[in-house]
Amino acid sequence: MTDSLTIGIIGDGFMQPGFFETALREKLPGRELTIRSMEIDWPLRLKSTKYDPTLPVGEFVGRPEDYFDFLADLDILITHLAPITAASLDHAPRLKAIAVSRGGPVNIEMAAARARGIPVVNTPGRNASAVAEFTVGSLLAETRNLIRGHMAVASGRFGREFYHYANTGPELCELTVGIVGYGDIGTRVARLLQPFGCGILIYDPFKELTPEETAAGFEKAELDDLMARADVVTLHPRVTPQTRGMISRARIAMMKPGGYIVNTTRGQVLDYDALYDALVSGQLRGAALDTFEPEPPPADWPLLRLPNVTLSPHIAGASRYSAIKAAAMIAGDIALILDGKPPLYPCK
């Protein structure tokens with residue numbers, strides 16, 4: 001690559017273009033950079049599309065053709081949510097690298113990039129700490145009536161019924177927590193829960209426990225065994241053909257009476273109709289849900305009206321630190337690519 005580079009940034013209201021530009025200028029001192037930016041109006045106005053059968057990408061904002069003109073003279077593209085397809089790359093004849101500030105390049109047509117020899121990097125683990133903290137916070141909010149108590153006081157009612165024994169919840173030190181998916185997020189959830197005194201069960205066919213984790217009392221389990229033994233099941237797998245619907249009606253029925261489910265991954269892994277039935281029947285005592293299927297859920301969805309759920313609008317990963325961290329990871333990998341070195345976070 002030449003010393004003079006044109007870098008295009010397609011940012012949004014979370015991954016703001018200025019974060020990337022600041023990180024790039026810190027990591028690439030002395031280089032002649034032309035930085036062009038556009039900011040799409042997400043998440044406030046525009047909605048993301050999870051799936052479109054006409055496109056080979058997912059979880060994106062806009063259409064590929066919305067960005068064709070912007071791509072025309074770029075050497076490097078940085079994006080968060082723009083869909084980049086083979087047609088996009090046909091409009092970017094100079095493009096030499098793509099960086100996507102996400103845990104997985106779901107909005108990039110990887111086969112098309114590989115066919116053109118364009119490396120793609122991403123930001124695995126960028127929001128792992130944020131999601132793990134949010135998971136534990138959501139569990140505490142649901143088990144200890146935090147949101148219900150807040151709503152009572154905010155409405156002018158002091159809500160003393162939450163001190164009645166029948167309405168109180170368990171302490172974390174009493175609970176065995178089953179963690180489904182033990183990647184960057186799942187491992188952090190386990191570490192955060194450990195000081196509370198929880199028992200920890202882990203299901204992940206691709207991970208083995210370290211000696212330190214085994215010594216701390218963490219235990220690997222098969223999924224059905226975990227579902228039957230855990231008081232709380234918290235979900236952290238990636239969505240794959242194998243994990244879609246993995247927390248099915250049959251598996252929910254395996255859970256102990258009075259158990260809890262926490263979902264901060266994706267709605268596709270959980271049978272929400274079965275969850276609703278289990279919450280209404282009293283088999284499960286509660287659930288904390290940050291993700292849904294579909295998303296956003298219908299306004300008249302009965303699950304949203306239940307008193308024993310804590311709900312949030314897919315914000316577990318939304319922390320300031322995760323945005324700045326992602327920009328720094330991308331700038332670092334772009335610097336490596338420009339120096340002819342392998343990036344730290346290449347997409348396969």
Side-chain angles (χ1 to χ4, degrees), residues 58-59 102-106 122-139 172 175-256 259-272 274-275 284 287-291 293 314 316-317 322 344-348:
E59 297 187 19
R102 308 181 68 161
V106 291
N122 69 325
T123 55
R126 59 157 184 155
N127 60 7
S129 179
V131 176
E133 290 178 7
F134 195 95
T135 298
V136 176
S138 297
L139 174 58
L172 295 190
L175 303 178
T176 295
V177 178
I179 299 172
V180 178
Y182 201 56
D184 288 332
I185 296 170
T187 55
R188 283 171 169 79
V189 170
R191 292 173 197 152
L192 289 174
L193 288 173
Q194 186 180 4
F196 287 97
C198 302
I200 303 292
L201 299 175
I202 294 159
Y203 170 74
D204 191 320
F206 306 105
K207 295 290 288 289
E208 295 298 328
L209 299 184
T210 66
E212 293 77 15
E213 289 168 333
T214 301
F218 297 4
E219 179 184 346
K220 279 204 74 174
E222 293 300 317
L223 182 55
D224 289 354
D225 183 43
L226 179 149
M227 297 296 295
R229 294 170 58 193
D231 301 294
V232 177
V233 174
T234 180
L235 307 177
H236 305 286
R238 284 199 173 280
V239 177
T240 67
Q242 293 72 35
T243 63
R244 286 180 184 273
M246 70 187 303
I247 308 303
S248 60
R249 182 175 296 274
R251 286 199 165 113
I252 291 173
M254 296 175 185
M255 293 185 66
K256 296 178 181 179
Y260 297 85
I261 286 179
V262 180
N263 190 12
T264 56
T265 179
R266 291 293 189 272
Q268 295 98 314
V269 304
L270 176 61
D271 183 334
Y272 278 81
L275 174 65
L284 294 184
L289 307 171
D290 186 55
T291 56
E293 182 62 23
H314 199 156
S322 65
L344 295 178
Y345 309 109
C347 300
K348 306 299 185 184

Just distance, no hydrogens or angles: give the donor-acceptor pairs under 3.5 Å from side chains in residues 193-209, sequence neighbours left out.
unit_1 : atom_1 : unit_2 : atom_2 : d
Asp204 : OD1    : Phe206 : N      : 2.9
Asp204 : OD2    : Tyr182 : N      : 2.7
Lys207 : NZ     : Tyr182 : O      : 2.6

Distance-minimising heavy-atom pair for [X] and [Y]:
| X | Y | answer |
| --- | --- | --- |
| Tyr260 | Ala287 | CD2-N, 4.5 Å |
| Thr265 | Pro237 | OG1-O, 2.7 Å |
| Tyr345 | Pro124 | CD2-CG, 3.6 Å |
| Arg188 | Ala132 | CB-CB, 3.5 Å |
| Glu59 | Val106 | CB-CG2, 3.9 Å |
| His236 | Ile185 | ND1-CG2, 3.4 Å |

List the steps, then state whether side-chain contact (heavy atoms from CB on, under 4.5 Å) holds for Leu275 with Leu289.
CA-CA 11 Å; Leu275 174 65; Leu289 307 171; 3.9 Å; yes
Working to the nearest 0.5 Å, report the span between [atom1] of [X] and [atom2] of [Y].
| X | Y | atom1 | atom2 | result |
| --- | --- | --- | --- | --- |
| Thr187 | Leu192 | OG1 | CG | 9.5 Å |
| Arg238 | Arg266 | CZ | CZ | 8.0 Å |
| Met254 | Ser248 | CE | OG | 6.5 Å |
| Gln268 | Arg244 | CD | CZ | 5.0 Å |
| Ile247 | Ile252 | CD1 | CD1 | 7.5 Å |

Do Leu172 and Val177 have side-chain heavy atoms sitting under 4.5 Å apart?
no
Where the side chain of [X] meets the backbone of [Y], is there a donor-acceptor pair that is under 3.5 Å apart?
| X | Y | answer |
| --- | --- | --- |
| Ser322 | Gly317 | yes |
| Thr243 | Met246 | no |
| Asp290 | Ala316 | yes |
| Asp271 | Gly245 | no |

Between Asn263 and Thr291, do the side chains contain an N or O donor and an N or O acceptor separated by less than 3.5 Å?
yes
Identify all side-chain donor-acceptor contacts of residues 223-232 below 3.5 Å with residues at least two apart in sequence or on another chain.
unit_1 : atom_1 : unit_2 : atom_2 : d
Asp224 : OD1    : Arg251 : NE     : 2.7
Asp224 : OD1    : Arg251 : NH2    : 3.4
Asp225 : OD2    : Arg229 : NH1    : 3.1
Arg229 : NH1    : Glu219 : OE2    : 2.9
Arg229 : NH2    : Glu219 : OE1    : 3.1
Arg229 : NH2    : Glu219 : OE2    : 3.4
Asp231 : OD1    : Lys256 : NZ     : 3.2
Asp231 : OD2    : Thr176 : N      : 2.7

